[in-house]
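Below: the structure, in structure tokens.
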Amino acid sequence: MEQSMKQTLMGNDAIAWGIVHANVDMISGYPGTPSSEILGMVQKIKHQLDLPIYAEWATNEKVGFEVAYAGAIAGKRTVATMKQVGLNVASDALMSASYIGNLGGMLLIAADDPGFHSSQTEQDSRVFAKFARIPVLDPATPQDAYDMTKYGVELSERFQVPVMLRPVMRVDHAREIIEMDAETHFTPNTGAFQRDVARWAGVPRAGRLQQGYDVLDRIETIKAYNWEHHLQPKFDALTGGKLLILAGGTGYAFTLETLADLGVDADVVKIEMPYPLPAEKIKARFDAYEKILVVEEPYPLIEEDLAHPKLYGKKTGTMHKIDEMKKEHILFALQKLGVYEGANIYEVPKFDLGFDVPDRPPALCPGCPHRDIYYAIMKVFKKKKSIYPSDIGCYTLALSQGAIDSILCMGASVAMASGFSIADPSKTVVATIGDGTFFHSGIPPLLNAVYQNHRFILIILDNSTIAMTGRQGTPERFHQNIDIAKIVEGMGITCYEHTYSHEMEENIDFMKHIKSEFEKPEHQGPLVVRVRQFCILDNERKDDWIPNLFAEVDPEKCVACDSCTTVYKCPPMAYNADGKIEIDPFLCAGCGGCLDVVCPTDAFQLDVIKSKGGAS
């Protein structure tokens, strides 16, 4: 019998260990919070234990899925990892893969983000699993995440279909003492592609129609398996009563805690595989209860599949319909059902501090070159005559500078620039996108813009890292023959180059040059700029860029005009008790960006002592 040990792990680290202990030796994906640490941790385990694992970032989620899926067709055990909006990108491949199936086990990890903590949407990947007709597992805790990762790979191999693991942010980033395999006996499957054209290359109509029937049969088989191995033993252990709670994912853990806190008795069934559900068998057990409450997040997937007069949840207004799970939501539901009549013990008391604490919106890091480039853009391309579409990445935080007008999804800045240029040709469209996002999904819309002769400016902010999700490397960083400029020039247009300068005038002068080039009568189509820069958190590169020019404020020159706090927006800058700007020495990165142009009265000056010769 396998020996176990206990270890405190974050949910994503637990998933990574589950991947290794499931003998998965191919993992591919794209970083995105809250999923990013999974693949990174597998890479650490690989090097720590010297394991023969392919664990690499792909250029986007669709590519990552397809790499892993091909491995599973060839008999390998594989994993594709991404966040929930990344699943949209991979969905084309997923929908076909669910018909075709696989030989080796394939786990698709789609990390959801109820509450919009770091995502554009609150979409529910369980619903996507139902859409694709593949099983989905819903962990409630890091321990579940570890166990279900191993189990999901086995389940996929058993039924020859991709299986989804759907951890939410509160599982991914929670920590728990988990029980895991004490030793790693890594024995991956041998890859051996077996030619089966009818299956791997089935075409409409006849080939895919038969696979469609196979999908329906397989789902019914998995429903029966779900009942026999997961749900029936739980229901058989219950005796009935006033209230039954069906809880999935974090809803299960929150439910147990809430019932204990309030002293309320109810039967609770944990729904580990919310799709496919054996609905009729479950509903047959409702006769033993007066009311049934469904606790799940964020969409009413279980509730819709089990529609019943006794059933309460989001669709009846009993549970919350948006935002992440909280014990307070379950308390309110119990009040509405008449099983709890006490006070809201989770209500946070309000204290009068005697003063208001000002909001501090998210901002770019101190010393981030994005700030200076956006400042230069806005200095040259005035707001009233410009439109600023942007993209997904840390540069999104330039919203605080007023330098961004629209954000949609990965790569959309380029296509939306095309659309804006057509819809409102009176304005200059200046789009911004990061290098990682450009590789991810910015190339096709730029190709389209060249093809259709759309007139806009695209500025690619190239810091050689996918910074917001943990500073994963970009293709260009690790493969020197990959060059953004060459990709752009391969489309038949010029790629203008600029190297970020801590001297603001140089950045502004370059943007003036770009404006003059764009306004030439002979210029047609998009004008593309690649700005070479760095990430202030990139320890491998930042010392080559930071000039160690620290600023201080001359209070006699500061007139409290707000230019630095509203347009430049560097976090170390704040008003002191005298109503003058001060620079927090613990936050200042020494980038020197504010020493030139930013202050209209030249109140920022070099702190010679702290700069220690950086002025050279």
Side-chain angles (χ1 to χ4, degrees), residues 59-60 369-370 372-381 386-395 398 403-404 410-421 428-467 473-501 506-535 541 545:
T59 50
N60 65 32
H370 291 331
D372 292 4
I373 297 302
Y374 276 110
Y375 186 86
I377 290 171
M378 295 180 69
K379 273 287 185 180
V380 175
F381 299 95
S386 305
I387 304 174
Y388 310 130
S390 194
D391 229 292
I392 307 299
C394 57
Y395 46 91
I404 292 174
M410 294 283 281
S413 63
V414 189
M416 291 187 74
S418 288
F420 286 134
S421 72
T428 301
V429 180
V430 184
T432 48
I433 189 171
D435 53 327
T437 310
F438 180 73
F439 286 121
H440 178 284
S441 48
I443 297 173
L446 179 58
L447 184 62
N448 180 70
V450 175
Y451 166 48
Q452 299 291 352
N453 205 31
H454 296 152
R455 290 193 81 253
F456 60 85
I457 297 170
L458 174 65
I459 299 176
I460 303 170
L461 305 169
D462 181 5
N463 60 8
S464 296
T465 186
I466 304 172
T474 60
E476 188 179 33
R477 181 163 182 164
F478 293 114
H479 198 300
Q480 299 302 313
N481 289 330
I482 298 174
D483 189 324
I484 288 175
K486 291 179 180 178
I487 292 172
V488 173
E489 289 164 358
M491 299 182 193
I493 59 175
T494 300
C495 184
Y496 292 81
E497 299 255 10
H498 175 62
T499 300
Y500 161 80
S501 173
E506 293 187 9
N507 300 319
I508 293 174
D509 287 345
F510 176 77
M511 292 301 166
K512 288 178 179 178
H513 169 65
I514 291 301
K515 186 172 187 290
S516 67
E517 290 291 308
F518 185 72
E519 291 176 348
K520 287 180 178 179
E522 63 269 23
H523 177 78
Q524 299 294 319
L527 187 155
V528 179
V529 175
R530 191 256 290 269
V531 179
R532 294 181 182 270
Q533 50 188 66
F534 67 102
C535 172
R541 301 179 71 234
W545 292 79

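Residue numbers count from 1 along this sequence. The figures that follow rest on heavy atoms only: side chains count, while hydrogens, waters and symmetry mates do not.
Taking CG from Leu447 and CD1 from Ile487, the interatomic distance works out to 11.5 Å, rounded to the nearest 0.5 Å. Atom-to-atom distance recorded for Met416:CE and Ile387:CD1 is 9.5 Å, nearest 0.5 angstrom. Rounded to the nearest 0.5 angstrom, Gln533 CD and His498 NE2 are separated by 9.0 Å. Atom CE of Met378 and atom OG of Ser386 lie 9.5 Å apart (nearest 0.5 Å). Here Lys520 contributes atom NZ and Lys515 contributes atom NZ; the two are 13.5 Å apart, rounded to the nearest 0.5 Å. Going from atom SG of Cys535 over to atom CG of Leu461 covers 12.5 Å, rounded to the nearest 0.5 Å.
Between Phe438 and Thr474, the closest side-chain pair of non-hydrogen atoms is not below 4.5 Å. Under the 4.5 Å side-chain criterion, counting only non-hydrogen atoms from C-beta, Arg477 is not in contact with Ile482. Contact check for Phe456 versus Leu527: no side-chain heavy atoms found under the 4.5 Å cut-off. Inter-residue side-chain proximity for Leu446 and Val488 is flagged as met; some heavy-atom pair is nearer than 4.5 Å. Side chains of Ile484 and Asp435 form a contact here, defined as non-hydrogen atoms less than 4.5 Å apart. Thr499 places a side-chain heavy atom less than 4.5 Å from the side chain of Trp545. Looking at heavy atoms from C-beta onward, Asn463 lies out of side-chain contact with Pro369 at the 4.5 angstrom threshold. Inter-residue side-chain proximity for His370 and Cys394 is flagged as met; some heavy-atom pair is nearer than 4.5 Å.
Shown here for Phe478 and Gly473, the closest heavy-atom pair between the two residues is CE1-CA, 3.1 Å. Contact between Ile433 and Gly411 at its shortest, heavy atoms only, is CD1-CA, 4.2 Å. Contact record, Asp391 with Tyr395: CB-OH, 3.3 Å, taken as the closest heavy-atom pair. Residues Ala398 and Ile404 share a closest heavy-atom pair of CB-CD1, 4.0 Å. Across every non-hydrogen atom of Pro526 and Ile493, the tightest pair is O-CD1, 4.1 Å. Considering all non-hydrogen atoms of both residues, Val414 and Gly442 come closest at CG2-O, 4.0 Å.
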**OP:** Could you check Ser464 against Arg541 for side-chain contact (heavy atoms from CB on, under 4.5 Å), going step by step and ending with a plain yes or no?
**Re:** CA-CA 10 Å; Ser464 296; Arg541 301 179 71 234; 3.9 Å; yes
**OP:** Let me see the working for Glu497 and Arg532 under side-chain contact (heavy atoms from CB on, under 4.5 Å), right down to the final yes or no.
**Re:** CA-CA 8 Å; Glu497 299 255 10; Arg532 294 181 182 270; 3.3 Å; yes
Subject >> side-chain contact (heavy atoms from CB on, under 4.5 Å) assessment of Val529 paired with Ile460 >> reply: CA-CA 6 Å; Val529 175; Ile460 303 170; over 6 Å; no
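With Tyr388 contributing its side chain and Phe381 its backbone, the two residues share a donor-acceptor pair below 3.5 Å. Judged by distance alone, with hydrogens and angles left aside, the side-chain atoms of Asn507 form a donor-acceptor pair with the main-chain N or O of Ser501 at under 3.5 Å. Between the Asp462 side chain and the Val531 main chain, no donor and acceptor come within less than 3.5 Å of each other. When atom types are taken as modelled, the side chain of Asn60 and the backbone of His440 share a donor-acceptor pair closer than 3.5 angstrom.
By the 4.0 Å N-to-carboxylate-O rule, Arg530 lies close enough to Glu476 to be salt-bridged with it.
With 3.5 Å as the limit, one finds a donor-acceptor pair spanning the side chains of Ser390 and Thr432. Between the side chains of Asp372 and Tyr500, at least one donor-acceptor pair of N or O atoms lies under 3.5 Å.
Relative to the six-membered ring of Phe518, Arg455 meets both conditions, a distance below 6.0 Å and an angle of at most 45° to the axis.
With sequence neighbours excluded, no residue forms a side chain to side chain donor-acceptor pair (under 3.5 Å) with Ser421.
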